[in-house]
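Below, chain A is the first sequence line, B the second, and so on; all start at residue 1. Worth knowing before you read on, the calculation uses all heavy atoms, side chains too, and leaves out hydrogens, waters and symmetry mates.
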Amino acid sequence: MSGRPRQNGPAQAKALQFKLVLLGESAVGKSSLVLRFVKGQFHEYQETTIGAAFLTQTVTVDGVTVKFEIWDTAGQERYHSLAPMYYRGAQAAIIVYDITNRDTFERAKSWVKELDRQARKDIVIALAGNKFDLSNKRMVEVEEGSAYAQEHNLIFMETSAKTGDNVSNVFVEIAKMLPKVEPKPNNNGQTVRIDDNQEAQNGGGPGCCSKN
Amino acid sequence: MGDEDTTSVRSTTNGTIPAPSSCLPEEAIEARSSSTTPTPHDQVTENLPSTSRLQDLEPQSRSRLCAESASDHFVSRPRSNASDYASNPRSPRASIDLGLKECSGESSQNGGESSHNATPAKLNLDIDSELAKSLLNGSLTSVDEVELVVEDNEDLIMESPSVHQKEFSPEASSELSAEFAGETGVPGEEGASSGAGSGGSVVSELEPGAMVEPVGRTSSGRDLQLVTPGDTVSDDEGSETVSEVPLPVEDDSEELGAQEYPPEWYTKQKHVFIFSEAGKPIYSRHGKEENIVGLYGVMQALLSCVQDNSDDLNCIRSSDRLFVFRCHPPLMLVAVSDTTECEEQIARQLKYVHHQAVFFLTQSHLARLFKNRHNYDLRRQLTGLPKFFNGIIEFVEEEHSFLLESVQCLPMPQSLRNEVTATLLSNRCPELVFAIVLYERQIISVVRPKQYAITPQDLHLLMNYVQTGSTRGHGEKWAPCCLPDFNDGGYLYIHDSYISETVNVSLVLITNEREQHITMINCKQRIVEQMVAQKTMDKLEEIISTPFLSSDTKIPHLRHFVYKSKSSQQLVSPEYTVPYNSDEDRRSLHTKYCHVYDKLHHSDQKMSIYYDIDSRESVVGYLMSSSEIYCTFSPFVTRPVALNNIDKLLKWIRREENRFFILGSGVY
Ligand SMILES: Nc1nc2c(ncn2[C@@H]2O[C@H](COP(=O)(O)OP(=O)(O)O)[C@@H](O)[C@H]2O)c(=O)[nH]1
Ligand SMILES: [Mg+2]
């Protein structure tokens, strides 16, 4: 994958920095998505997040290095009142639900509404239907997620933190949408296809209907 | 009250309750050591004669092992008066020093008892094995007689000549039973239905003996009394036996219940339960709460029927288990233990468990949740938190620092500690309140404002939070947490992260401003950069790879020790080495320290030295004015040699104290 994140290291001076927040009900797989994206790992028994966790990861998109400062929040209701401090200044958000659990989809919708009201107007939002590997237990159809995303102008993907499907794609798609303050002069054409295997995934793999 | 009642209690219990060896009064121990009763390990007390031999030790030891100037302690006991928090007065409970010594008085005449101001009332419940079964659902088969130790209030002492009579309110019990019955109705809740049975049987099992004594007051005639064996039925019209209370009792409850718990469940050394005042399960250390709903009901019933008498149930002792009850409203906590820990220690452990809940929710939020919602299911708030309760229970069972109400510092050259502290101080930002560097359960450095201290208890909670919530590989954590001793009504915001790739050294930054997460991240970044530049981390890793061992002291026969400096509330203790290789060996040595500690601190008789000698080792505890020490020697060391070695050790520690203790830096 060309969108593959590089290892965490001393931040490059040139990198653009973006604040990204993950929101969604408890246990939908927010921490797992982040862990997959940042470390390439997956834990069957992912520890429940207490409060929030902060991680960073960089990706290169269109020749531009983007550093994500990621706030992985806890989904429990006792931390709900803290959520605004993470999304308030955020340029991007991933709202996650679990495709095997309808309630989490409803919760995701309410997060979308909350962000519409309270977050920056130019925030880039992705809706991620996670646990794609469990699609035999699916309770939310792809079309439903994708239609909702279309309607609200969100990036949409179904992901699996377990298999890694589409995980970095979500971040890369977000990175593409973010304003490049210092746009790189065309290195090699403008719209470089980020993901070689995106086709493959669109075909047989996870339902990926990235808006855009 | 006092004598008469105690006597009557004795008369009913003598010979039937084998008092656990760990809580025999001094007299009994002396008696044993001079001849008789077999005990798990032979114990020898030395009272004044031998202590006076030690007098020569006192002066040196008192000299200055730990005496820094009072202003230097980073852990003096603070009462948070942080102006930005509403201070939240907590109701004082004076229950801790009641109970154990008193109830151990059963096996011998204890003349000193009447001198206690608040001698607990005693009441005996002739609760036959059915109750015990309900309590542990068949596990504690040998419980034939149970003694309840109740913390009494003065009114009761004065008012009631026979305080051992307590009343069960049938209304309350039947309400309870009805509640169980209600829960039985919930489809699919097998545990609940078994609970209904057990719940019902608590009260009804009182009935066979149903011999009721008159109550010396005019409360509702329907009051139901606990029954003292041997008492006779009175004619008092007001009294009713339990049999008249309609109770839904399910006959098959026991079989049902028996299936609920896996066999391991019964053999656990210590159970800990939390439930609400309405009896709703909140936490169980072993097994899923929802499977033992009935048990919660029984415990709640026991607590509430004593509370109905404006009294508190503290402890029930059966032949092989100690049941310790503590109310920290809105939470009720119960420990069921077959360890040798005494009631005071277990009660302190329960207090930690309560503090663990406060740590995440604050006392005021807890109270708010239950206000007007008596039946609130707190588990909704506790997603992801049970492991922290498990963690704090392990902590209190294993740590000398819990036992001695102190903290342990990682031994290192003073220059290195100063380097860490200076790094913290120089990168401090105005929003930062505390900065702490931890190595697992030991402290490397603490930086704090002059006006606020942080107690050992709060530090223990922090250590548990950092260690149990370890997200190595998952970035830096940021969460609102409450330090109950600092202020149990408000949140602080805690940033913590590992700062070494190879060892578990973590940096904890604490602020009182909730939006300062970015500031804390930047602060951490600066601290880490400076540490890297100074190679501080390398030096720390080096220190950690060569732990402090008792052999470093070069004192012969010394296997292990724990030394506490009282004024600074810090302790020093070497790593366990041979022969304490297994967890079990370590646990058993720790248990001995607990026992010796208990002897020195909770005996009626003032002692400053206590020996606990058996074929495995000799443990000696020694109290001094500003410090205390517990030493483990090989078993054949004679007492004079042991004392002489303790003397040497105290001098050695004094010489090395800069390595072991944080002596007054880190205050800004
Ligand atoms: N099968 C499957 N399980 C997942 C996936 N993502 C997360 N999980 C599991 O779901 C549980 C909750 O995940 P976690 O990342 O803690 O969720 P969070 O509370 O949203 O952070 C964990 O047991 C994960 O192992 C996924 O894509 N597929
Ligand atoms: Mg999480």
Between B/R380, B/H495, B/R514, who has the most heavy-atom pairs with chain A when the cutoff is under 4.5 Å? B/R514
Identified side-chain contact (heavy atoms from CB on, under 4.5 Å) counterpart of A/R78 within the set B/L369, B/L382, B/L385: B/L385
Within a radius of less than 6.0 Å around CD of A/E151, do more than 12 heavy atoms belonging to other residues, nucleotides or ligands occur? yes
Ring centres under 6.0 angstrom apart (B/H517, A/Y86): yes
So which atom in B/A479 and which in A/G51 form the shortest heavy-atom distance, rounded to 0.1 Å? CB-CA, 3.7 Å
Got a second to check how far B/W478's CH2 is from A/T73's OG1, nearest 0.5 Å? 15.0 Å
Using 0.5 Å steps for rounding, measure from the CD1 atom of A/I50 to the CD1 atom of B/I494. 12.0 Å
A/T49 versus chain B, the contacting section by heavy-atom distance below 4.5 Å: neither
Mark yes when over 12 heavy atoms from residues, nucleotides or ligands other than B/K387 sit less than 6.0 Å from its NZ; otherwise mark no. yes
State, with a plain yes or no, whether a side-chain heavy atom of A/E47 is found less than 4.5 Å away from one of B/H474. no
Take a 6.0 Å sphere around NZ of A/K109 and say whether it holds more than 12 heavy atoms from other residues, nucleotides or ligands. yes
Please answer whether the main-chain N or O of B/T383 pairs with a side-chain N or O of A/Q76 as donor and acceptor at a distance below 3.5 Å. yes
Would you say B/M537 has more than 12 foreign heavy atoms packed within less than 6.0 Å of its CE? yes
Would you mind reporting whether A/Y79 and B/P480 have side-chain heavy atoms less than 4.5 Å apart? yes
